[in-house]
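Input: a single structure, listed below in structure tokens.
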Amino acid sequence: MATQPDVPRLTPLPPDLGRRWFRKYPQLGRGPVSTESVTSRQWYEWERDYIFKKAWLNVGTADEVARPGDYIVREIHAAGASILILRGRDGEIRAFHNVCRHRGNKLVWDYRGSRKSGAFPCRFHGFTYDTTGQLVFVPEEGNFAEPMCGRLNLPPVATGVFEGFIFVNLDPEPQETLEEFLGPIASHLRDYPFERLPHRYHYQSYQRSNWKLGLDAQSEVYHVPYLHGQTWPKLFNREDRPHVEMLDVTLYDRHRYGNWPGNPEYAPRDVEVYALGTYNSITRLGGDHQPTGPGINSSDAPDWGFDIVHLFPNTNILVLPGVWHTHQFWPLSENKMLWELKVHMLEPETAGERFSDEYARILLRDALREDGTTHEHTQEALESGATSEIHLQDEEVFVRHGYWAVEQEIRRHRDGTRDWIGR
Ligand code: FES
């Protein structure tokens, strides 16, 4: 006789509890969402043309280019661009197309580095640029028809920095400033000491999945008791609260903000303390790393767990006490993406903290692999055509808003019309 599968014990939700966000944001609708934008080449082309070539994109943080001459390179496939981001000798952060003006070679070949001299020589024939993008040296310059230095400079890319987050816009003539693009979501970036918690480590994964499927999985905790039931048991849910409801949801036209409760009764194993963001680094630094204003933990809940600040189109900033992450999902095609996670927190100071730190990294990696598996499985299943829509409950409002915002932004640029929230 077959044995029953071991299913989690659940308590049904009260009938109306799960419809708060439907009522707050009726513009999003309640019905099924088409999966066409996940599987269609046409949608990918629209996303390239009307989103990734138009929007301000977060490409890193100022601490990645902390000193003059430091640089990072970002390959933004969806915009067909390689971007060199550097800090000039004058302290300014600038971005350029990573292309030598001589014969078009990629100027910088590595992912990050530092040129203390401030000189960026091309490895093909030696054309050399300074940190303002000016061409300053050309071998055998007299053999060219005209003088080259100071004339054939690196093509600049619109760049902005807000609260330590670096943004670029690949539109040669951006239709809005960074400040206009961020709008009210900016208030959620002001109240957390992002710059005081340094970048510690990162993970990245190339996946056979549409980029939005990755973003979806990092936009709700509905899945946590199931997918991560072994990795993070009782992280959010507890016996009297088997499902976790969001504490606050604020949707802006493109961006979104929300927070979730933690489980104050959760008793982590010692080594997990660090991993779960309750590590005592805050106390160690005299409270300097506490959230400081209404932009974070907007619900002021005593059991606050974490916030998500979503920056359209592809960045989630996950904020916890003393720890913050960025998840970014970079499309490579309609069914391929690069997923990048960067973790910012303090350096451990003792052997015990180091041990916990290493354990935490592995625990996080295991949970990410669980998430990643669903991205690829979902992509494959949706491409089969067996279903053409997905069904979202109220607590998946971030997922619903994600599809809505992408569609609206495409309509805005393509058709000159879109719907707005709260206008
Ligand atoms: Fe760069 Fe020739 S392509 S120097």
Side-chain angles (χ1 to χ4, degrees), residues 44-45 48-49 51-161 166-174 178 199 202 204 206 314 328 330-333 336-338 340 342:
Y44 175 63
E45 297 297 338
R48 291 185 61 167
D49 292 343
I51 294 177
F52 287 90
K53 293 180 182 177
K54 298 282 186 194
W56 287 90
L57 305 171
N58 172 230
V59 289
T61 48
D63 64 342
E64 295 181 83
V65 288
R67 297 159 304 173
D70 287 357
Y71 65 88
I72 52 177
V73 172
R74 291 286 179 270
E75 308 294 340
I76 305 178
H77 294 270
S82 175
I83 305 299
L84 170 64
I85 301 130
L86 56 80
R87 188 181 289 273
R89 304 189 84 178
D90 57 0
E92 281 293 305
I93 294 174
R94 298 182 179 88
F96 303 97
H97 286 279
N98 183 25
V99 57
C100 175
R101 295 293 303 279
H102 175 219
R103 278 171 39 195
N105 181 42
K106 197 175 273 189
L107 180 64
V108 176
W109 295 359
D110 49 1
Y111 177 73
R112 66 170 63 225
S114 189
R115 303 277 169 83
K116 288 193 175 62
S117 66
F120 286 78
C122 178
R123 292 175 67 178
F124 204 169
H125 311 94
F127 277 43
T128 301
Y129 304 84
D130 69 13
T131 58
T132 68
Q134 281 231 5
L135 180 61
V136 293
F137 174 70
V138 173
E140 300 188 86
E141 187 176 13
N143 284 348
F144 285 90
E146 308 176 70
M148 310 291 269
C149 285
R151 198 170 57 82
L152 286 184
N153 303 322
L154 293 178
V157 173
T159 313
V161 181
I166 304 172
F167 296 82
V168 298
N169 190 312
L170 292 162
D171 191 335
E173 296 181 10
L178 174 59
H199 175 224
H202 74 273
Q204 68 176 37
Y206 288 91
N314 65 333
Q328 293 193 294
W330 296 100
L332 305 176
S333 75
K336 292 190 180 62
M337 68 146 168
L338 170 62
E340 292 184 318
K342 294 179 186 168

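All ligand and atom numbering here is 1-based and tracks the order in the structure. Side-chain atoms are counted along with the backbone in the values below, which use heavy atoms only and exclude waters and symmetry mates. Given the structure is predicted, the values throughout are model-derived calculations rather than measurements.
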Residues which pass side-chain hydrogen bond (donor to acceptor under 3.5 Å, both in side chains) with Glu140, listed by chain and number, not counting sequence neighbours: Asn143
Centroid separation Tyr71 to Phe120 less than 6.0 Å: yes
Under 3.5 Å: donor-acceptor pair, side chain of Asn153, backbone of Leu135: yes
Rounded distance (nearest 0.5 Å) linking atom CG of Asn314 with atom CG of Asn58: 8.0 Å
Within the 4.0 Å heavy-atom sphere of ligand 1, strictly under, residues: Cys100, His102, Arg103, Asn105, Cys122, Phe124, His125, Gly126, Phe127
Check: Ile76 and Trp330 side chains under 4.5 Å, non-hydrogen atoms: yes
Whether over 12 other heavy atoms sit under 6.0 Å from Arg123 CZ: no
